[in-house]
Peer 1: 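Here it is, the structure in full.
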Amino acid sequence: PQPTVFAGVLSLLDNALAQFQESGSSSSKISDYDLIYSGDIAKWKKLAMSVKLRTLMTMVDKDPSKATAIGQLISAGGFISAASENAKVSYENRAGRYNPKYGLNRQYNSGQSFFGASKWVLNFLNPLNDPRIPIFFEKPASASAYVAPEPGQDIVDTVHSKINRNFHKADQPEILFTYQEQLFFEAEVYARGLGVTTDMNKANTLYKKAVEESAKYYGVAASAAATYANSLPDLNSLGSNRAAVKYIHYHHWVDVWDRATEAFTQWRRSGPEGDEVPPLTLPTGAPAGGLFRRYEYPINNEIAANPNAPKDKIKYNAKMWFDL
């Protein structure tokens with residue numbers, strides 16, 4: 001059952017935190033083959049704390065009792081606290097070690113991007129003059145603006161923007177957790193008062209810092225990133241607490257838009273059905289019956305022989321446990 005899986009994740013993280021030893025010899029420490037932190041146990045501890053917060057934030061709307069644990073975790077601190085502590089797996093610009101997205105375009109499309117720009121990213125970022133737009137996307141030479149196709153619509157090469165070919169680089173890393181994600185989660189905690197006293201001023205500072213760090217991560221100059229983040233609206237000006245929380249969610253989703261699993265989970269946990277962020281709709285040509293909400297288990301012999309696998313067909317539009 002899904003709640004058991006979530007509880008198991010929390011238990012594994014707590015067990016790891018109890019075993020980590022930053023000094024002296026430790027059987028849990030590796031260096032040469034640690035592809036993420038090269039044996040830096042202090043960074044592993046911070047990652048464990050941040051992943052624990054992410055897990056609790058995914059659970060809390062379905063299980064409000066987790067707000068207490070979130071408040072305790074925020075009080076304890078010890079999270080990822082700088083871009084230098086980002087958890088990522090690196091790729092290289094050589095055959096056999098390419099980032100898979102780059103490799104796909106290189107092998108099948110002569111280095112050109114297959115993928116059109118996301119309407120839900122561009123429609124949010126264009127009015128803000130977000131400096132990440134030309135980093136994420138490239139527009140046709142004849143186009144005067146960045147325009148995304150409708151979901152499910154064929155791309156018109158002379159009109160629609162595509163994902164920037166320089167964005168999916170050969171050595172683009174696979175991200176597990178970033179400093180800006182931590183800041184977005186903390187902003188949401190204070191905006192919602194999850195186990196802490198609601199503090200919109202603190203939430204405002206945290207979300208703007210998160211956007212700044214996101215812009216810097218994707219290649220915007222530090223001064224331009226700070227200027228842009230400071231130009232964003234204050235949360236208190238958005239009219240309601242829910243509007244403020246949704247605004248945090250949207251910026252959070254934009255930060256992870258190219259990381260399919262994280263973006264998918266962020267969308268599903270951002271609100272009850274019909275009030276998620278962004279407000280996705282069925283793509284052109286999609287079958288009626290609701291939005292995609294889970295990956296289906298394939299009905300084949302491998303699954304049928306697994307005693308732990310579900311035996312009933314669960315449709316793609318059936319909600320996960322945490323999805324309200």
Side-chain angles (χ1 to χ4, degrees), residues 91 93 98-175 180 211 214-221 224-225 228 231-232 246-247 249-268 270 274 276-293 295 316-317:
Y91 289 98
N93 189 11
Y98 294 138
N99 177 284
K101 294 172 185 173
Y102 169 86
L104 182 69
N105 288 330
R106 184 179 187 274
Q107 182 172 355
Y108 295 107
N109 205 27
S110 302
Q112 304 299 308
S113 179
F114 281 106
F115 310 108
S118 165
K119 161 188 173 179
W120 303 107
V121 177
L122 270 182
N123 285 7
F124 182 66
L125 296 187
N126 268 333
L128 300 173
N129 294 315
D130 191 295
R132 292 169 292 183
I133 293 173
I135 296 172
F136 291 160
F137 309 116
E138 56 183 308
K139 56 183 173 61
S142 58
S144 60
Y146 290 87
V147 178
E150 290 293 320
Q153 178 186 8
D154 288 340
I155 295 173
V156 178
D157 288 335
T158 57
V159 175
H160 294 134
S161 299
K162 294 182 179 180
I163 294 179
N164 195 322
R165 75 195 77 185
N166 296 317
F167 182 64
H168 287 161
K169 300 187 294 291
D171 58 354
Q172 178 186 353
E174 180 71 15
I175 296 297
Q180 61 261 30
V211 173
S214 176
K216 287 162 55 180
Y217 173 80
Y218 286 114
V220 177
Y228 169 65
S231 74
L232 295 173
K246 290 177 74 171
Y247 198 68
H249 276 310
Y250 213 138
H251 277 287
H252 189 162
W253 182 82
V254 164
D255 178 64
V256 297
W257 72 272
D258 191 52
R259 294 161 52 195
T261 302
E262 293 304 333
F264 191 26
T265 301
Q266 171 61 23
W267 171 73
R268 286 177 294 177
S270 65
E276 299 99 341
V277 182
L280 303 182
T281 55
L282 282 174
T284 300
L291 291 165
F292 184 88
R293 291 187 175 273
Y295 295 101
Y316 68 89
N317 54 3

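All figures in this text were calculated on a predicted structure; none of them were measured in a lab.
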Peer 1: Provide the closest heavy-atom pair for Ala148 versus Ser118 in the form atom of the first, atom of the second, distance.
Peer 2: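 That closest heavy-atom pairing would be CB-C, 3.7 Å.
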Peer 1: Look at the aromatic rings of His168 and Phe115 and report parallel, tilted or perpendicular, splitting at 30° and 60°.
Peer 2: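 Plane angle over 60°, so perpendicular.
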Peer 1: Closest approach of Asn93 and Tyr98, non-hydrogen atoms and distance?
Peer 2: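 Closest pair (atom of Asn93, atom of Tyr98, distance): OD1-CE2, 3.7 Å.
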Peer 1: Where do Pro149 and Ser161 come nearest, in terms of heavy atoms and distance?
Peer 2: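 Taking Pro149 first and Ser161 second, the nearest heavy atoms are CD-O, 4.3 Å.
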Peer 1: Check whether any side-chain heavy atom of Val254 sits under 4.5 Å from a side-chain heavy atom of Trp120, and report yes or no.
Peer 2: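 A side-chain contact under 4.5 Å is absent here.
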Peer 1: Are the side chains of Tyr91 and Pro100 in contact, using a 4.5 Å heavy-atom criterion?
Peer 2: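 Answer yes - side chains close enough.
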Peer 1: So, Thr284 side chain and Gln153 main chain: donor-acceptor pair closer than 3.5 Å or not?
Peer 2: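 Flag not set: sc Thr284 to bb Gln153 has no pair under 3.5 Å.
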Peer 1: Can you confirm whether Val147 sits close enough to Leu122 that some side-chain heavy atom of one is under 4.5 Å from a side-chain heavy atom of the other?
Peer 2: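 SC-SC contact between Val147 and Leu122 ruled out.
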Peer 1: Whether the side chain of Lys162 engages the backbone of Ile155 through a donor-acceptor N/O pair (distance < 3.5 Å, no angle test) should be reported.
Peer 2: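 No; judged by distance alone, with no hydrogens or angles, the pair does not exist.
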Peer 1: Are Arg132 and Val211 close enough that some pair of their side-chain heavy atoms sits under 4.5 Å apart?
Peer 2: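 Of all side-chain heavy-atom pairs linking Val211 with Arg132, at least one is under 4.5 Å.
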Peer 1: Distance-only, no hydrogens or angles: does the Asn164 side chain make a donor-acceptor pair with backbone N or O of Pro134 under 3.5 Å?
Peer 2: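 Indeed, once roles are kept as given, a pair shorter than 3.5 Å links the two residues.
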Peer 1: Which heavy-atom pair separates Tyr250 from Pro279 by the least distance, and what is that distance?
Peer 2: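 Nearest pair, atom of Tyr250 first, then Pro279: CE1-CD, 4.5 Å.
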Peer 1: Take atom CZ of Arg106 as the centre, draw a 6.0 Å sphere, and report whether it contains more than 12 heavy atoms from other residues, nucleotides or ligands.
Peer 2: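 Counting neighbours around CZ of Arg106, 12 or fewer heavy atoms of other residues, nucleotides or ligands fall under 6.0 Å, so no.
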Peer 1: If you take all heavy atoms of Tyr218 and Asp255, which pair is closest and at what distance?
Peer 2: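 Distance-wise, the nearest heavy atoms are OH-O, 2.6 Å.
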Peer 1: Are the side chains of Arg293 and Trp267 in contact, using a 4.5 Å heavy-atom criterion?
Peer 2: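 Trp267 reaches Arg293 side chain to side chain.
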Peer 1: Once rounded to the nearest 0.5 Å, what's the spacing between atom CG of Asn105 and atom CG of Asn99?
Peer 2: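 These two atoms lie 9.5 Å from each other.
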Peer 1: Would you say the ring centroid of Phe136 lies under 6.0 angstrom from that of Trp257?
Peer 2: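 Under 6.0 Å, so yes.
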Peer 1: Answer yes or no: is there a side-chain heavy-atom contact under 4.5 Å between Gln266 and Val277?
Peer 2: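 With C-beta onward as the side chain, the pair stays apart.
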Peer 1: Nearest 0.5 Å, what's the NE2-CD distance between His252 and Glu262?
Peer 2: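 CD of Glu262 is found 7.5 Å from NE2 of His252.
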Peer 1: Flag the pair Tyr146 / Leu125 as yes when at least one side-chain heavy-atom distance between them is below 4.5 Å, and no otherwise.
Peer 2: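 A side-chain contact under 4.5 Å is absent here.
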Peer 1: Could you check if a side-chain atom of Asn317 sits within less than 4.5 angstrom of a side-chain atom of Leu291, using non-hydrogen atoms only?
Peer 2: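 In short, these two side chains do not touch, never coming nearer than 4.5 Å.
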Peer 1: Mind telling me whether Phe124 and His251 have parallel, tilted or perpendicular rings, with 30° and 60° as the class edges?
Peer 2: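 Perpendicular.
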Peer 1: Ignoring hydrogens, what is the shortest heavy-atom contact between Pro287 and Tyr316? Give both atom names and the distance.
Peer 2: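 Shortest heavy-atom separation between Pro287 and Tyr316 comes out as CG-OH, 4.0 Å.
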